[in-house]
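Step one of this worksheet: look at the structure below.
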Amino acid sequence: MAKFSIKALMYTGDKEYKPKPDETDQETQEPLYSYVANEEIIQAVNLAIQLNRPLLLEGEPGCGKTRLARAVAYEFGKKYQQDEQKWPYADWYIKSSDQARDGLYIYDAIWRLYDVQMTSQLSTSNVLDTSEIEKIRKRLSDIKHEAYITWGAIGKAFRASQKGQRMIVLIDEIDKADPDLPNDLLLELEEKRFFVKETGEEVKIDPKYQPIIFITSNGQRKLSDAFLRRCIYCYIGFPSTEKLEEIVTARFGDRKKWTTAIITQSVIRFCNIRQKMEENKGEFGKKVSTSEFLDWLNALELNTQKAKDLKSLLEQDNIPYPNTLFKSRDDLEFAEGLNNESI
């Protein structure tokens with residue numbers, strides 16, 4: 001396994017380290033998108049790296065919290081790797097039923113019990129061939145029980161550290177879990193170690209290769225002061241019109257029909273729609289997000305051929321493809337009353 005030994009890591013968000021338009025992940029074939037980070041985000045990422053603290057990201061849904069970790073991993077792979085290797089990365093998408101240990105490891109006690117029972121029958125059973133019997137005995141004789149353990153994102157990062165790698169970890173939507181989960185991770189976040197209960201093994205990082213941990217929260221549940229104390233904090237606010245134009249240019253600007261004028265026009269109409277929603281629903285109501293804005297533009301992209309077609313759609317009275325922007329019956333009814341004159 002290759003070592004990722006760079007110590008003075010620095011995230012810049014520079015264009016040269018971003019995915020090209022229509023670039024896909026070579027392993028998963030999923031599309032890769034250029035992430036547009038402002039100075040506050042860049043500074044927060046680098047502080048988290050320098051201080052070896054998790055970076056806690058908050059902001060309204062669809063603001064880009066989840067994509068930041070992959071953007072940093074992509075840049076580091078391009079900037080620091082000379083042999084086209086990807087920067088080591090792992091993610092943990094929290095479910096409401098998750099416990100802290102799920103991020104460390106999952107132990108398959110049922111499989112091991114099955115193996116134990118099988119060994120007691122080997123002398124009388126003809127079901128298994130010799131090679132399968134040998135595999136079972138090998139699994140049971142391993143004092144670390146490796147075959148029965150599936151490592152979680154944090155567990156992978158700690159083990160990678162022991163092999164000279166600084167892995168990037170995403171813990172997504174930590175506020176979705178039971179309130180005890182963040183507090184149950186305090187030992188791992190502070191002392192960077194944990195124990196495998198079933199074997200007694202201590203998994204501890206090499207201090208020279210600290211994992212880089214990103215944690216996202218939608219603010220649905222207040223996190224404890226003890227947990228917050230261990231994090232660097234960054235709130236991702238709604239982008240300015242200039243930043244939105246930069247985001248749209250990064251996503252669509254390589255196509256000829258997305259001229260500078262049309263990009264500006266699309267941003268202005270979207271911002272006006274969002275402002276009208278805020279006036280109607282109040283500051284804390286659900287408003288259209290950056291993610292939904294990009295879905296809307298993608299719908300326009302897929303259903304037009306030329307720049308003039310895009311311009312025509314953006315200038316029509318009714319909002320085209322409103323289903324990409326509005327996610328409730330009330331909002332769709334509200335959208336019917338909006339037109340280019342009212343916004």
Original post:
Does Phe158 have its ring centroid less than 6.0 Å away from the ring centroid of Phe194?
Top reply: yes
Original post:
Got a second to check how far Arg137's CZ is from Leu140's CG, nearest 0.5 Å?
Top reply: 10.0 Å
Subject >> Distance-only donor-acceptor check, side chains Asn52 and Lys192, under 3.5 Å >> reply: no
Original post:
Is there a donor-acceptor contact under 3.5 Å linking the side chains of Glu315 and Ser312?
Top reply: no
**OP:** Using the rule that two of Ile, Leu, Val, Met, Phe, Trp, Tyr join whenever any of their side-chain heavy atoms come within less than 4.5 Å, decide whether Leu300 and Leu332 are in one cluster.
**Re:** yes
**OP:** For the pair Thr249 (side chain) and Glu245 (backbone), establish whether a donor and an acceptor sit closer than 3.5 Å, ignoring hydrogens and angles.
**Re:** yes
**OP:** Mind checking ring pair (Phe, Tyr, Trp, His ring centres under 6.0 Å) for Phe227 and listing every partner two or more places apart, or none if nothing turns up?
**Re:** none
Original post:
With a 4.0 Å cut-off, would you call Arg193 and Glu191 a salt bridge?
Top reply: yes
Original post:
Can a donor-acceptor pair be found between the side chains of Tyr233 and Glu58 at a distance below 3.5 Å?
Top reply: yes
Original post:
Is the backbone of Asp180 close enough, under 3.5 Å, to the side chain of Asn183 for a donor and an acceptor to pair up by distance?
Top reply: no
Original post:
Are side-chain N/O atoms of Thr216 and Asp172 paired as donor and acceptor at under 3.5 Å?
Top reply: yes
Original post:
Honestly curious: do Leu181 and Leu187 fall in one hydrophobic cluster under the side-chain, below-4.5 Å linking rule?
Top reply: no
**OP:** Please answer whether the main-chain N or O of Lys20 pairs with a side-chain N or O of Glu23 as donor and acceptor at a distance below 3.5 Å.
**Re:** yes
**OP:** Please determine, by modelled atom types, if Trp92 and Asp102 share a side-chain donor-acceptor pair under 3.5 angstrom.
**Re:** no
**OP:** Specify the closest pair of heavy atoms between Arg269 and Pro320, including all atoms of both residues, with the distance to one decimal.
**Re:** NH1-CD, 4.1 Å
Original post:
Counting distance only, does the side-chain N/O of Asp175 pair as donor-acceptor with the main-chain N or O of Gln220 below 3.5 Å?
Top reply: yes
Original post:
Within a radius of less than 6.0 Å around CD of Gln99, do more than 12 heavy atoms belonging to other residues, nucleotides or ligands occur?
Top reply: no
Original post:
Is it true that atom NZ of Lys144 has more than 12 heavy atoms of other residues, nucleotides or ligands lying nearer than 6.0 Å?
Top reply: no
Subject >> Lys/Arg N to Asp/Glu carboxylate O, Asp98 vs Lys95, below 4.0 Å >> reply: yes
Subject >> Leu113 reachable from Ile136 in the ILVMFWY side-chain graph, under 4.5 Å edges >> reply: no
Subject >> Note, Met277 side chain near Phe326 side chain (heavy atom, < 4.5 Å) >> reply: yes
Original post:
Checking Arg70 against Tyr35: charged group under 6.0 Å from the ring centre and within 45 degrees of the axis?
Top reply: no
**OP:** Keeping the roles fixed (side chain from Gln316, backbone from Asn318), state whether a donor-acceptor pair exists under 3.5 Å.
**Re:** yes
Original post:
Is there a donor-acceptor pair under 3.5 Å between the side chain of Arg230 and the backbone N or O of Leu189?
Top reply: no
Original post:
Do the non-hydrogen side-chain atoms of Thr150 and Tyr107 ever get within less than 4.5 Å of each other?
Top reply: no
Original post:
Is a side-chain donor-acceptor pair under 3.5 Å present for Trp258 with Glu301?
Top reply: yes
Original post:
Trp87 vs Phe76 aromatic rings, parallel, tilted or perpendicular, using cut-offs 30° and 60°?
Top reply: perpendicular
Subject >> Considering all heavy atoms, the nearest Met10-Glu75 contact >> reply: O-OE2, 3.6 Å
Solution key, residues 38-49 side-chain donor-acceptor pairs under 3.5 Å, sequence neighbours excluded:
| residue | atom | partner | partner atom | Å |
| --- | --- | --- | --- | --- |
| Asn38 | OD1 | Glu40 | N | 3.1 |
| Asn38 | OD1 | Ile41 | N | 2.8 |
| Asn46 | OD1 | Tyr11 | N | 2.7 |
| Asn46 | ND2 | Tyr11 | O | 2.9 |
| Asn46 | ND2 | Ile42 | O | 3.1 |

**OP:** Please say whether more than 12 non-hydrogen atoms of neighbouring residues, nucleotides or ligands are located less than 6.0 Å from CD in Gln305.
**Re:** no
Original post:
Taking 4.0 angstrom as the limit, do Lys138 and Glu134 come out as a salt bridge?
Top reply: no
**OP:** With the side chain counted from C-beta on, respond yes when Arg251 and Leu294 share a heavy-atom pair under 4.5 Å apart, and no when they do not.
**Re:** yes
**OP:** Answer yes when Asp25 and Lys86 have at least one side-chain N-carboxylate O distance shorter than 4.0 Å, and no when they do not.
**Re:** yes
Original post:
When you look at NZ of Lys311, are more than 12 heavy atoms from neighbouring residues, nucleotides or ligands closer to it than 6.0 Å?
Top reply: no
**OP:** Kindly confirm or rule out a cation-pi arrangement of Lys79 over Tyr17, judged by NZ or CZ under 6.0 Å from the six-membered ring centre and within 45° of its axis?
**Re:** yes
Original post:
Which pair of heavy atoms, one from Tyr33 and one from Pro19, lies closest together, and at what distance?
Top reply: O-CG, 3.8 Å
Original post:
Is there a donor-acceptor pair closer than 3.5 Å between any side-chain N or O of Ser217 and the backbone N or O of Ile174?
Top reply: no
Original post:
Does atom CG of Leu302 have more than 12 heavy-atom neighbours from other groups under 6.0 Å away?
Top reply: yes
Original post:
Any luck finding a side-chain donor-acceptor pair between Tyr321 and Asp295 under 3.5 Å?
Top reply: no
Original post:
Sub-3.5 Å donor-acceptor pair from the side chain of Asn280 to the main-chain atoms of Lys276, do we have one?
Top reply: no
Subject >> Main-chain N/O of Lys208 paired to Arg166 side chain as donor or acceptor, under 3.5 Å >> reply: no
Subject >> Heavy-atom check, side chain of Thr66 versus side chain of Leu170, under 4.5 Å >> reply: yes
Original post:
Between the main-chain N or O of Thr304 and the side-chain N or O of Lys257, is there a donor-acceptor pair closer than 3.5 Å?
Top reply: yes
**OP:** Would you indicate whether Arg67, at its atom CZ, is surrounded by more than 12 heavy atoms from other residues, nucleotides or ligands within a distance under 6.0 Å?
**Re:** no
**OP:** Give a yes or no on whether a salt bridge exists between Asp330 and Lys327, defined as a side-chain N under 4.0 angstrom from a carboxylate O.
**Re:** no
Original post:
Considering all heavy atoms of both residues, which atom of Ser266 and which atom of Ile263 are nearest to each other, and what is their separation?
Top reply: OG-O, 2.8 Å
Subject >> Ion pair Glu60/Lys65, N-O distance below 4.0 Å >> reply: no
Subject >> Option from Val196, Leu104, Asp108 for which side-chain contact (heavy atoms from CB on, under 4.5 Å) with Ile149 holds >> reply: Val196
Subject >> Nearest non-hydrogen partners of Ile168 and Ala69, listed with the distance >> reply: CG2-O, 3.8 Å
Original post:
Heavy-atom count around Lys204 NZ within 6.0 Å, excluding the residue itself: above 12?
Top reply: no
**OP:** Would you kindly confirm whether Val36 and Leu32 end up in one hydrophobic cluster when ILVMFWY residues are joined by side chain heavy atoms under 4.5 Å apart?
**Re:** no
Subject >> Nearest heavy-atom neighbours spanning Arg274 and Val288 >> reply: NH1-O, 2.7 Å
